[in-house]
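Please find one structure pasted underneath; my questions will follow.
One-based numbering, in listed order, for ligands and for the atoms of each. Numbers here simply count residues along the sequence, with the first being 1.
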Amino acid sequence: MAWVWTDVFNHPFWALSTLIFGLVLRLHRRGPWDPRACRVQLKGKTAVVTGANTGIGKFIALDFARRGARVILACRSEARGRAALQEIQKLSGNANVHLRLVDTSSLASVRAFAEGVLREEKELHILVNNAGASGLPREITSDGLEVSFATNHVGPFLLTNLLLDLLKRSAPARIVNVSSVNHWRGKVDFSHFKGENLSYGMDSVYNHTKLHNIICTNELARRLQGTGVAANSVHPGVVMTEVMRHYNILIRFLFKLIGIFFFKSSEEGAVSSIYCAVAEETEGITGKYFDSDCSLVLPAPLARDQAVAVKDFEFCERLTSKL
Ligand SMILES: NC(=O)c1ccc[n+]([C@@H]2O[C@H](COP(=O)([O-])OP(=O)(O)OC[C@H]3O[C@@H](n4cnc5c(N)ncnc54)[C@H](OP(=O)(O)O)[C@@H]3O)[C@@H](O)[C@H]2O)c1
Ligand SMILES: *C1O[C@H](CO)[C@@H](O)[C@H](O)[C@H]1NC(C)=O
Ligand SMILES: *[C@@H]1O[C@H](CO)[C@@H](O)[C@H](O)[C@H]1NC(C)=O
Ligand SMILES: *[C@@H]1O[C@H](CO)[C@@H](O)[C@H](O)[C@H]1NC(C)=O
């Protein structure tokens with residue numbers, strides 16, 4: 001008897017069961033940690049969240065605002081940033097939320113942003129490097145960097161380093177870097193930073209940048225031992241944000257369709273970052289990588305290689321000091 005697995009779906013019973021199974025999965029994919037049940041308050045604390053105008057970053061910033069923090073939304077678009085600012089102030093009832101502009105792909109913009117923060121903030125307790133982009137077309141920035149590397153890694157690297165003394169003075173402080181499970185497929189090749197030897201298919205450039213995030217976070221954590229500043233990376237999950245905006249309409253449609261059942265909402269995608277930034281359970285943890293369900297997991301072997309990390313961190317330091 002010829003039988004194909006797709007026959008299953010021709011039967012109404014199985015079609016219905018599959019649908020119900022999908023919905024049950026949807027309801028069960030919440031992580032074990034619930035930010036709403038976490039009582040930690042952030043009154044008197046200051047937090048910076050990059051890319052806070054939409055997606056995961058907006059819900060991270062909203063959570064901090066609800067806990068009473070002074071929150072700085074670090075966004076590149078004045079209009080999009082202002083809309084998020086108003087929404088976050090309204091939903092949280094916290095007026096101490098502010099907008100500052102930064103384009104993480106430009107080192108000059110990162111420096112100007114950091115100067116503003118250093119001038120106006122006496123303390124900084126939480127820095128979330130969330131801004132990032134996937135699927136950007138090839139471009140070399142005015143700093144001579146490949147644009148995805150500049151946006152996702154070099155800009156945030158410089159930003160973190162410029163704010164480091166302030167974070168140390170404000171200790172205990174926490175740095176959270178939003179990376180991705182995609183880092184497993186990334187490679188380390190320093191010629192990539194200037195756009196050499198890169199191929200643009202299948203997210204490969206994005207994958208490399210997310211690997212550098214974890215490597216440098218871990219090296220930074222080693223350098224910060226004993227300072228009271230923790231630095232960790234997280235995977236937010238596969239989240240239905242605007243992250244696919246640079247892809248074609250068919251891919252975006254498929255992402256949305258599959259996402260209805262299997263992917264996280266932006267609010268759910270923010271959970272692992274919030275866990276890492278505020279939870280009592282993560283106090284004192286540094287140089288680690290958290291999965292989207294808030295569990296501590298090992299990143300790819302390359303991300304744990306200390307010799308690679310030292311080289312990578314020093315390379316990025318030289319790069320950002322020269323540009
Ligand atoms: N969604 C997922 O499935 C997923 C999975 C793994 C990791 N992540 C990571 O999660 C983080 C947040 O992504 P998302 O999914 O929330 O995506 P999103 O909805 O596209 O939001 C990205 C945010 O980053 C900002 N941004 C992009 N380029 C920037 C630049 N050059 N300067 C300043 N801000 C910039 C965007 O600002 P504009 O709105 O002004 O462009 C936006 O606020 C990223 O680091 C991403 O790599 C996402
Ligand atoms: C995270 O922090 C490290 C260390 O400063 C940095 O290299 C990396 O680019 C940061 N940003 C992101 C988005 O991971
Ligand atoms: C990278 O590109 C440069 C020139 O752009 C070339 O000389 C070099 O051999 C390439 N390296 C690799 C590993 O392909
Ligand atoms: C990038 O990572 C994603 C997710 O792991 C994977 O599907 C894709 O094939 C990777 N791209 C390359 C070129 O390795």
Side-chain angles (χ1 to χ4, degrees), residues 48-62 73-85 88 99-110 112-113 128-136 139 141-143 145-156 158-159 176-187 192 198-214 217 233-247 251-252 255-256 258-259 262-273 289-292 299-300:
V48 167
V49 182
T50 67
N53 58 278
T54 186
I56 298 163
K58 186 162 90 178
F59 282 94
I60 297 173
L62 175 61
L73 313 179
C75 306
R76 69 172 150 180
S77 150
E78 167 103 53
R80 283 162 71 79
R82 196 144 299 282
L85 175 73
I88 291 171
L99 173 66
R100 282 183 177 285
L101 298 183
V102 65
D103 177 348
T104 62
S105 73
S106 151
L107 298 186
S109 172
V110 167
F113 171 83
V128 183
N129 284 307
N130 161 79
S134 155
L136 292 177
E139 190 193 315
T141 68
S142 54
D143 297 312
L145 300 170
E146 195 284 330
V147 69
S148 296
F149 273 77
T151 306
N152 297 355
H153 185 67
V154 185
L158 177 64
L159 177 63
V176 179
N177 276 335
V178 183
S179 177
S180 170
V181 70
N182 281 34
H183 82 272
W184 275 87
R185 306 295 292 271
K187 293 193 173 59
H192 286 166
L198 280 169
S199 69
Y200 280 75
M202 305 284 289
D203 255 5
S204 67
V205 180
Y206 176 77
N207 295 0
H208 301 319
T209 64
K210 291 290 151 179
L211 174 62
H212 286 288
N213 285 164
I214 304 183
T217 308
S233 332
V234 305
H235 169 51
V238 184
V239 192
M240 284 220 282
T241 62
E242 295 178 58
V243 75
M244 303 302 283
R245 62 175 106 177
H246 301 289
Y247 291 82
I251 294 181
R252 290 208 309 271
F255 185 76
K256 284 250 159 79
I258 302 170
F262 299 105
F263 300 166
K264 289 176 186 265
S265 65
S266 295
E267 187 171 10
E268 292 165 332
V271 171
S272 59
S273 302
Y289 171 67
F290 291 86
D291 208 349
S292 58

*Starting from atom 5 (O) of ligand 4, locate the nearest protein heavy atom and write down its residue, its atom name and how far away it is, to 0.1 Å.*
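For atom 5 (O) of ligand 4, the nearest protein heavy atom comes out as Arg185 CG, 3.6 Å.
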_Could you check whether atom 9 (O) of ligand 4 has a protein contact, counting only heavy atoms that fall below 4.0 angstrom?_
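At least one protein heavy atom is under 4.0 Å away.
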*What residues form a ring pair (Phe, Tyr, Trp, His ring centres under 6.0 Å) with Tyr206, not counting sequence neighbours?*
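None.
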*asked:* Whether the side chain of Glu146 engages the backbone of Phe149 through a donor-acceptor N/O pair (distance < 3.5 Å, no angle test) should be reported.
replied: yes
*Looking only at atom types and distance, does a side-chain atom of Asn53 sit under 3.5 Å from a main-chain N or O of Cys75, one as donor and one as acceptor?*
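It does not hold such a pair.
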*asked:* Counting only heavy atoms closer than 4.0 Å, does ligand 1 sit against the backbone of Lys58, its side chain, both, or neither?
replied: neither
_Protein heavy-atom partner closest to atom 11 (N) of ligand 4 - residue, atom, separation in Å_ = Met202 O, 2.7 Å
*For the residue pair Tyr289 and His183, does the interplanar ring angle fall in the parallel (under 30°), tilted (30 to 60°) or perpendicular (over 60°) class?*
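Tyr289 and His183: perpendicular rings.
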*Protein heavy-atom partner closest to atom 4 (C) of ligand 4 - residue, atom, separation in Å*: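 Residue, atom and distance for the closest contact: Asn182 OD1, 3.3 Å.
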*asked:* Heavy atoms only, cut-off 4.0 Å: how does Val181 contact ligand 1, side chain, backbone, both, or neither?
replied: neither
*What part of Val178, side chain, backbone, both or neither, has a heavy atom within less than 4.0 angstrom of ligand 1?*
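Answer for Val178: both.
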*Looking only at protein heavy atoms, identify the closest one to atom 13 (C) of ligand 4 and say how far it is in Å.*
Ser204 CB, 3.3 Å
*Between the side chain of Lys210 and the main-chain N/O of Val178, is any donor-acceptor distance below 3.5 Å?*
yes
*Residue part near ligand 1, for Glu242, under 4.0 Å between non-hydrogen atoms*: both
*asked:* For ligand 4 and Val181, I'd like to know whether there is a polar contact (N/O to N/O, distance under 3.5 Å).
replied: no
*asked:* Between Thr104 and Thr151 (side chain of the first, backbone of the second, donor and acceptor by atom type, cut-off under 3.5 Å), is there such a pair?
replied: yes
*Would you tell me which option among Asn207, Val205, Asp203 has the nearest heavy-atom contact to atom 3 (C) of ligand 4?*
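Of the listed residues, Asn207 has the closest heavy atom.
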